[in-house]
Every structure is written in structure tokens, then in C-alpha cells.
Amino acid sequence: MSSPRTADPAGAGAGATRIAVTGSIATDHLTSFPGLFTDQLIADRLHTVSLSFLVDELEVRRGGVAANIAFGLGCLGLRPVLVGAVGADFAEYRVWLKEHGVDTDFVHVSAERQTARFQCITDRAQNQIASFYSGAMEEAAGIDLAPVARRPGGIDLVLVSPNDPRAMLRHTAQCRELGLPFASDPSQQLPRLTREQARDLVDGARWLFTNDYEASLLLELTGWRQEDVLARVGTWLVTRAEHGVTLHRRDTAPVDVPAVPTTRIADPTGVGDAFRAGFLAAAPALDPADAARFGCTLAVLALESVGPQDYTATRESLLPRIETAYGPAVAETITTALALPGDEPSHAPA
């Protein structure tokens, strides 16, 4: 067990948006393949693929999109509310999250199923092949957001991230019914959605998150053009791996934010989740481009760690990266608007 986060009343979340994060909570089984997946594919045999990879370095890590994002928010001084479904094997994981600033009171515990499992192989070009066992996540649709909205202090924003599709649709509908602003992050679940479901999850979102591939998939699935999407959302953030992120808004030229440079890639799992945590923590106090720069900074810390919840978020680890990537003026703007976690680590790897 690593050391618990140090409470920081002046952290990035002091007085900031109160965020509920709905979505998957899982255990990640991460392995690496020293070759390239593409070398194993035979062009005229793609209709009968049968591949097995001898993998290295099994890492069993805490994960799940919603839990990863909530962890990042907690490390930055917010107290996010995690909303999802888990199995009885969640007890130790719950303690971990609570120690790192996450409110787990609204996590449903299944009496029958285990916590979801994510299994991933990463090759030396950072390509990934993954599978996901939903387990207890299948019960997430039974979680009612009304009690979450009634908690002391209320909720200012709900992030609807990958989950059982029924849960994603219900929680999006409840946000509209309860008058709760929401952010949409359909990502890995897009292939499971119908056209109308995909449209429903996007329509009215304050923030829409996808990566570059998912952006194309979303357009194909919904049958909308980019301008149709932008007519329905506040800002669409498209992450582009080492190329950073592009912000799209209606009737406004796209804004490209470069990634933070790195020479130490450890594991790409959870990097997008860290970006979302950083962005959402900063968005209430900064313009979207600077919030994206802060998100990219947290993302590179995750990229340089094995496992999606094994980075250290402190002023000491964040500020030099912001200055190097974006310059002293941007660093000053960000640090003036955000009280970053102090020099005591909010997370030390196990």
C-alpha cells in the first residue's frame, strides 16, 4: 500500500466544480509484447485470425475509466464522487480511492458478480489489443443519480464515461431531468451503441471527449457532420496521442494544444483518463485551451508510469513540465488560477 494523499485545502479543487464521475471501475491486467502486432498479421488470412502472444511483465493494477478519472481529480485536491458498480472484491480498492480523495459512498456493490476486468497487451510501438469483462458493471444501470444530486453541496457536473450502455443512457437522461450539466465520454463503448443511442449521449453535453479515431467513429455512427455535433455540444475535445489535443467549438477555428514532450514512455493505459481529470479540474478557473494544457501535463505523468493510478501529482512534478512545454507565461497563468497540490506527494507508487 502506498502512502495516502496529503489533504490540501488549497488544492486545485478548493471551491471548484463538484464532479460526479460515472463509469467503469475495474482491475487492469497489463502485459507487454516485445514485437509488433502488425508483423503477425497475414494479409490474405485476416478473415481467420488466430493469434497468441507470449507476453512479458504482467502488471495487475487498479483501473476502470471512471475510477482513473476520479483518482486524478482527487490527487488534484477535488473530492469527486465516484458512481459505478463493483463486486465484493472492491474493499481494498475502496480504501485506496478514499485515501486519495475520492468519495465512494455511491458505488454499488454487487452480491453476485466480480469487479470488471480489463486485459491489455501493448506492443513496442504502443499499439494495444485489449478485452474487457464487464462483471458487476452490468448492474450500473440500477444506480439512481437523484441521491447523488441531493448530497450535501450538490453536484455541478456529471461526467458520463464508458460504462454499461444502459447506465450511460440512463445517467445522461437523468442529467437532463435533474438539470445537471454533463460531460460525455462515450469512447470505448461507441461500437456497442445504435445511431440513436450515440446521438442521445452527445446531445447537450457541455464537454465531449473522444480520441481521434473515436471522433471519426462518432461521426460515422451518428450520421452527423462535425458542424452538426458542434451545434449540440459546448466544446469537443479530440485527443491525438503524441500530437496533443484539438478543441472544437461552433463557429470558431479549432485550437491545437501540443502534448507535453517525453522521452520516458512506460504505459499508455489511462493517459486519456488523466487528461480528462486534469482538464476538468482546471476548466472552472481557466480558458479551455489552458485547461487542456494542464490536462496534457497530468497525462504525461500517467504516460511515464506503469498503471493508470501510479503517477505523482504535485506542484514539483507539474510546474516544470508546464513551463518546459508551454512557457513561463502559461505556467504563471495556470499556477495563478490553480493552487496546485503541495510538495508532499499526493501519491507514491507502491
Side-chain angles (χ1 to χ4, degrees), residues 17 19 65 69 72 126 157 159-162 172 181-191 193 195 198-262 268 270-300 302-303 321-334 337-338:
T17 303
I19 300 174
V65 171
I69 296 171
Q126 302 302 305
L157 181 76
L159 172 62
V160 181
S161 69
T172 300
F182 69 96
S184 178
D185 180 17
S187 57
Q188 298 103 317
Q189 292 294 40
L190 280 171
L193 303 174
R195 170 166 292 188
R199 289 181 170 187
D200 186 62
L201 291 177
V202 168
D203 199 4
R206 175 179 293 179
W207 310 108
L208 170 61
F209 296 96
T210 66
N211 64 28
D212 207 11
Y213 176 80
E214 292 158 356
S216 298
L217 183 59
L218 177 66
L219 295 177
E220 180 179 346
L221 182 59
T222 60
W224 286 337
R225 299 166 300 171
Q226 184 181 72
E227 52 265 37
D228 297 324
V229 175
L230 296 180
R232 292 169 169 83
V233 304
T235 301
W236 185 1
L237 297 101
V238 180
T239 57
R240 299 183 295 117
E242 71 274 16
H243 301 296
V245 59
T246 300
L247 285 67
H248 300 274
R249 301 195 68 164
R250 186 179 185 181
D251 299 327
T252 302
V255 176
D256 291 322
V257 173
V260 175
T262 184
V271 173
D273 303 334
F275 169 79
R276 287 153 175 75
F279 177 85
L280 291 173
L286 294 168
D287 69 61
D290 280 337
R293 293 180 181 101
F294 186 72
C296 287
T297 307
L298 197 67
V300 81
L303 181 63
R321 307 303 290 270
I322 298 171
E323 290 180 338
T324 299
Y326 306 117
V330 170
E332 183 178 0
T333 297
I334 291 175
L338 303 178

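All values reported here derive from a predicted model rather than from experimental measurement.
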How long is the gap from [atom1] on [X] to [atom2] on [Y], to the nearest 0.5 Å?
X: F182; Y: L201; atom1: CZ; atom2: CG; result: 8.0 Å
X: L208; Y: H248; atom1: CG; atom2: NE2; result: 10.0 Å
X: E214; Y: L221; atom1: CD; atom2: CG; result: 12.0 Å
X: L218; Y: Q226; atom1: CG; atom2: CD; result: 10.5 Å
X: W224; Y: L230; atom1: CH2; atom2: CG; result: 11.0 Å

Q) Among T246, L247, V229, V202, which one satisfies side-chain contact (heavy atoms from CB on, under 4.5 Å) with W236? A) V229
Taking all heavy atoms of [X] and all of [Y], pick out the closest pair and write down the distance.
X: Q126; Y: P268; result: OE1-CD, 3.0 Å
X: A274; Y: A299; result: CB-CA, 3.9 Å
X: Q188; Y: P162; result: OE1-CG, 3.1 Å
X: A259; Y: A241; result: CB-O, 4.0 Å

Q: Could I get the full list of salt bridge (Lys or Arg N to Asp or Glu O under 4.0 Å) partners for R240, not counting sequence neighbours?
A: D256
**Q.** Side-chain donor/acceptor of R250 to backbone N/O of R232, under 3.5 Å
**A.** no
Q) Between the side chain of R199 and the main-chain N/O of T222, is any donor-acceptor distance below 3.5 Å? A) yes
Hey, are the side chains of [X] and [Y] touching, using non-hydrogen atoms and a 4.5 Å cut-off?
X: T210; Y: S187; value: no
X: P191; Y: L217; value: yes
X: L237; Y: R276; value: no

**Q.** Residues R225 and D228 bridged, charged N to O under 4.0 Å
**A.** yes
In residues 278-298, what donor-acceptor pairs under 3.5 Å come from side-chain atoms, sequence neighbours left out?
{"unit_1": "D287", "atom_1": "OD1", "unit_2": "A289", "atom_2": "N", "d": "2.9"}
{"unit_1": "D287", "atom_1": "OD1", "unit_2": "D290", "atom_2": "N", "d": "3.0"}
{"unit_1": "D290", "atom_1": "OD1", "unit_2": "R293", "atom_2": "NH1", "d": "2.6"}
{"unit_1": "T297", "atom_1": "OG1", "unit_2": "R293", "atom_2": "O", "d": "2.9"}

Q.
Tell me if the CD atom of E332 is crowded by more than 12 foreign heavy atoms within 6.0 Å.
A. no
Q. Between D185 and W207, does a side-chain contact (heavy atoms from CB on, under 4.5 Å) hold up when you go through it step by step?
A. CA-CA 8 Å; D185 180 17; W207 310 108; over 6 Å; no
Q. How would you list, by chain and number, every residue that makes a side-chain contact (heavy atoms from CB on, under 4.5 Å) with E242, sequence neighbours excluded?
A. none
